[in-house]
Novice: 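One structure, pasted below without further comment.
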2 protein chains.
Amino acid sequence: MDNITIKMLAKELNLSTAAISKALRDSHEISTPTKQRVQELASRLNYIPNAYAGSLRIRKSKTIAVVLPEVADSFFSQAINGIEAIAEERGYHVLIYLTHENFSREEAILKDFQSGRVDGVLMSLTAETASYKHINDLSSRNIPLVFFDRVCEEANTAKITTNDLESSYKATQHLVDCGCRNIALLSISDCLSISNKRKEGYEKALADNRVPQGPLNIFCGNDPAKNVAALKTILQKKDRPDGVIASVEKLTTDVYLACKELGLSIPGDMKVVSFSNLSSASILNPSLTTVTQPAYEMGKTAAIILFKSLEKKNFVLHDECLTLPSELIVRGSTVAGK
Amino acid sequence: MDNITIKMLAKELNLSTAAISKALRDSHEISTPTKQRVQELASRLNYIPNAYAGSLRIRKSKTIAVVLPEVADSFFSQAINGIEAIAEERGYHVLIYLTHENFSREEAILKDFQSGRVDGVLMSLTAETASYKHINDLSSRNIPLVFFDRVCEEANTAKITTNDLESSYKATQHLVDCGCRNIALLSISDCLSISNKRKEGYEKALADNRVPQGPLNIFCGNDPAKNVAALKTILQKKDRPDGVIASVEKLTTDVYLACKELGLSIPGDMKVVSFSNLSSASILNPSLTTVTQPAYEMGKTAAIILFKSLEKKNFVLHDECLTLPSELIVRGSTVAGK
DNA sequence: GTGAAAGCGCTAACAC
DNA sequence: GTGTTAGCGCTTTCAC
């Protein structure tokens with residue numbers, strides 16, 4: 001069965017394609033009876049306009065792209081939910097691209113967007129991203145870009161973040177209050193501004209409390225086995241940490257396993273806070289103290305701002321930088337019995 | 001900055017657009033020196049072909065759609081990873097659509113695909129889906145569709161599943177072996193074939209062991225608070241279950257919380273098995289016995305089959321029904337100390 | 001109120 | 001080996 005086109009409707013009704021087009025868009029140039037005839041036939045034949053013919057004319061695709069490091073992560077999957085909710089509402093389509101933390105993949109993806117495939121982009125940077133040419137190239141093609149969470153500070157556009165510095169400060173302060181004196185910070189990057197913010201908050205809290213800095217810049221990668229091994233090495237040292245802040249959700253399992261394998265009890269021997277949106281945080285062994293980010297809201301907000309810039313000309317994306325608060329939820333990995 | 005088009009390149013080089021087009025696609029009709037001139041200019045001006053102009057001509061969009069109930073679920077997010085890996089490799093783009101278990105949303109999404117927006121579709125059904133007209137409508141437009149996990153048995157196309165019946169049987173048998181005599185099955189649907197298969201496996205195992213059937217068809221929804229409340233009601237009865245199979249990952253947290261609130265110990269008072277791909281299963285309290293599905297592989301396989309049908313004409317999708325095995329991983333929620 | 005025609009950017013027959 | 005031309009399906013002047 002061939003697809004129905006405007007041309008076919010035109011032939012069927014002895015009208016021009018122009019008339020059909022106008023009738024379908026309910027133009028006032030077309031008489032009511034004609035409109036009715038056209039619309040009746042269109043719905044009877046189940047006419048669906050070709051998605052790309054219109055895009056080619058109009059130079060709008062009603063499509064946005066979401067560029068993410070990964071999906072198998074509660075933060076990002078919840079953010080997608082927020083984005084999708086708004087896109088659906090506006091009748092937009094969502095293309096998804098995963099960088100797997102790979103910078104050259106990120107470059108290639110953004111480059112493709114110069115093809116006019118998408119009207120706008122929502123993005124969270126790779127842990128490796130340290131140069132911004134690909135981002136500026138996209139901007140120079142007038143394709144609006146909104147960052148969320150892992151933002152590019154250098155880019156002159158909208159950024160939706162959470163209060164990384166403050167929440168990291170709070171998390172560190174909480175560990176100090178729980179008696180920790182040797183607190184490690186597990187990171188995945190020394191490029192990302194969110195990593196740096198979290199580090200700053202951590203350092204500030206330590207300084208304010210006159211607690212010496214613990215093992216820092218423990219960079220963890222994508223291989224859980226390696227992470228566990230690296231953690232075990234650190235945890236077997238004499239001056240091992242008595243507290244740890246995992247700045248990424250997926251490191252939680254690695255920390256728990258390393259402790260388990262070494263027979264270290266949480267929170268007795270070691271206290272743990274994670275930046276995490278895991279819905280199972282409360283049923284972990286022990287339940288996990290988290291810094292929980294407003295993932296859904298961040299995705300939603302980023303999408304709303306992107307659509308604003310898509311809908312209004314002269315909308316200045318640069319002015320739209322929002323910070324939504326995260327929440328420290330104290331559970332059993334820092335306070336026994338919680 | 002305006003986008004570079006073939007026309008502009010043609011003018012610049014005093015060639016026809018056809019020559020440019022051929023040169024860029026490295027056609028043998030074009031002389032080597034001309035090709036070089038064209039390619040040099042194209043890369044110097046950073047020419048990127050318009051994504052939709054070609055699609056309109058060729059009637060191929062190099063885009064597939066993935067239609068899912070949700071993303072915030074380990075199974076589906078891992079499946080997306082598998083799909084994306086293959087799509088990336090083939091240079092395809094991936095549109096993502098979430099049904100949120102809503103049938104009319106599913107209908108609307110599939111209907112839109114008749115616009116030629118996508119070349120093919122990968123899909124997991126809604127828990128509500130009980131009629132198939134929208135699926136047949138899509139097939140009649142010759143848009144290949146491959147189901148994975150939540151397949152439509154009635155559809156005459158490829159289906160990638162896991163061995164739901166067997167793994168449910170195994171899970172049930174395991175609970176029986178652990179001493180359970182009153183086993184509940186938590187489901188989210190009575191339409192889905194995977195739900196029915198899991199129910200069959202459960203019933204068969206009970207029958208084979210001459211264990212009476214426990215509370216069945218406890219349908220859980222999207223509201224965790226309601227699920228917990230419903231579970232608590234059941235668990236407070238005199239003849240409360242001593243074992244439960246959660247047929248969906250997200251119900252795990254609800255079961256654990258319900259037990260916690262009632263002071264029931266797992267696995268002492270109550271044993272739990274979940275169909276789950278949670279990477280944190282091993283660090284739950286207690287660690288969770290799971291039926292773990294080959295999520296990544298299922299996504300990947302579904303994508304591979306879809307691309308086969310996209311690339312070869314006369315490829316019979318119907319013949320491509322694969323079943324990948326799930327694995328029962330015994331942990332502490334059924335065997336103390338594990 | 002309706003139609004003819006141009007053109008979005010690209011490709012593919014078919015000339016030459 | 002290169003150019004001309006005719007569309008893909010749609011919208012949008014501009015005539016009538």
Side-chain angles (χ1 to χ4, degrees), chain A residues 1-39 41-42 45-63 112-119 141-142, chain B residues 1-39 41-42 45-63 112-119 141-142:
Chain A
M1 172 176 168
D2 243 14
N3 272 349
I4 310 292
T5 67
I6 274 197
K7 218 189 228 171
M8 294 161 70
L9 297 181
K11 187 183 277 181
E12 190 77 12
L13 294 176
N14 268 315
L15 286 169
S16 72
T17 59
I20 304 289
S21 174
K22 285 171 191 162
L24 290 172
R25 345 192 81 241
D26 205 21
S27 158
H28 51 258
E29 295 181 63
I30 303 292
S31 71
T32 314
T34 307
K35 270 190 209 167
Q36 283 179 347
R37 285 204 313 144
V38 172
Q39 283 160 1
L41 184 69
L45 294 185
N46 199 18
Y47 165 75
I48 309 216
N50 179 288
Y52 298 134
S55 295
L56 183 57
R57 271 244 51 172
I58 299 306
R59 281 117 161 293
K60 285 278 165 277
S61 61
K62 279 270 183 181
T63 304
D112 174 77
F113 294 162
Q114 297 187 22
S115 69
R117 186 180 301 282
V118 297
D119 298 342
R141 297 276 181 146
N142 290 319
Chain B
M1 170 179 170
D2 242 14
N3 273 348
I4 310 292
T5 67
I6 274 197
K7 218 189 228 170
M8 295 160 71
L9 298 180
K11 187 183 275 182
E12 190 76 12
L13 294 175
N14 267 316
L15 287 169
S16 72
T17 59
I20 305 286
S21 175
K22 285 173 190 160
L24 289 172
R25 344 189 83 239
D26 205 22
S27 159
H28 51 258
E29 292 181 63
I30 303 290
S31 71
T32 314
T34 308
K35 269 190 209 166
Q36 283 179 346
R37 287 203 311 145
V38 172
Q39 282 160 2
L41 183 69
L45 294 185
N46 198 19
Y47 166 74
I48 308 214
N50 179 287
Y52 298 134
S55 295
L56 184 56
R57 257 295 359 204
I58 297 308
R59 280 117 159 295
K60 284 279 164 274
S61 61
K62 279 266 182 185
T63 304
D112 174 78
F113 295 161
Q114 298 188 21
S115 70
R117 185 180 301 282
V118 297
D119 298 342
R141 298 276 181 148
N142 290 318

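Residue numbers start from 1 in every chain, and the chains themselves are labelled A, B, ... in the order their sequence lines are given, proteins ahead of strands. As a basis for the values below, the full set of heavy atoms in this structure was taken, side chains included, without hydrogen atoms, waters or symmetry mates. Source: prediction; values computed, not measured.
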Novice: What are the two closest non-hydrogen atoms of A:Leu41 and A:Glu12, and how far apart are they?
Specialist: CD2-CG, 3.6 Å

Novice: Nearest of D:dT4, D:dT2, C:dG3 to any side-chain atom of B:Ser16?
Specialist: D:dT4

Novice: Measure across B:Leu9 and B:Ala42 and return the closest heavy-atom pair with its distance rounded to 0.1 Å.
Specialist: CD1-CB, 4.1 Å

Novice: Find the distance A:Leu9:CG to C:dG3:P and express it as a whole number of Å.
Specialist: 13 Å

Novice: How would nucleotides 9-16 of chain C be written as a contact map, 5' to 3', with B for base contact, S for sugar-phosphate-only contact and - for no contact, using protein heavy atoms under 4.0 Å?
Specialist: BBBBBB--

Novice: Which pair of non-hydrogen atoms, one from B:Ala19 and one from B:Leu15, has the smallest distance, and what is that distance?
Specialist: CB-CB, 4.3 Å

Novice: Donor-acceptor pair, distance only, cut-off 3.5 Å: does the side chain of B:Lys62 make one with the backbone of B:Ser55?
Specialist: no

Novice: How long is the line joining CG of A:Asp26 and C1' of C:dG1, in whole Å?
Specialist: 14 Å

Novice: In residues 30-39 of chain B, which residues come under 4.0 Å of DNA chain C by heavy atom?
Specialist: none

Novice: Mind calculating the distance between CG (B:Asn14) and C1' (D:dG3) to the nearest angstrom?
Specialist: 12 Å

Novice: Which residues satisfy the side chain to side chain contact (heavy atoms under 4.5 Å, CB included) test with B:Ser115, sequence neighbours excluded?
Specialist: A:Ile48, A:Ala51, B:Asp112, B:Arg117

Novice: Please state how far atom CG in A:Leu24 lies from atom P in C:dT2, giving the value in whole angstrom units.
Specialist: 14 Å

Novice: Could you give the NZ-to-C1' distance, from B:Lys11 to D:dG3, as a whole number of Å?
Specialist: 17 Å

Novice: Restricting to non-hydrogen atoms, name the atom on A:Ile30 and the atom on A:Lys22 that form the minimum distance, rounded to 0.1 Å.
Specialist: CG1-CB, 3.6 Å

Novice: Looking at every non-hydrogen atom in both residues, tell me the closest pair between B:Thr17 and B:Lys7 and how far apart they are.
Specialist: CG2-CA, 3.9 Å

Novice: So which heavy atom on B:Arg25 is nearest to which on B:Ser21, and how close?
Specialist: CG-O, 2.5 Å

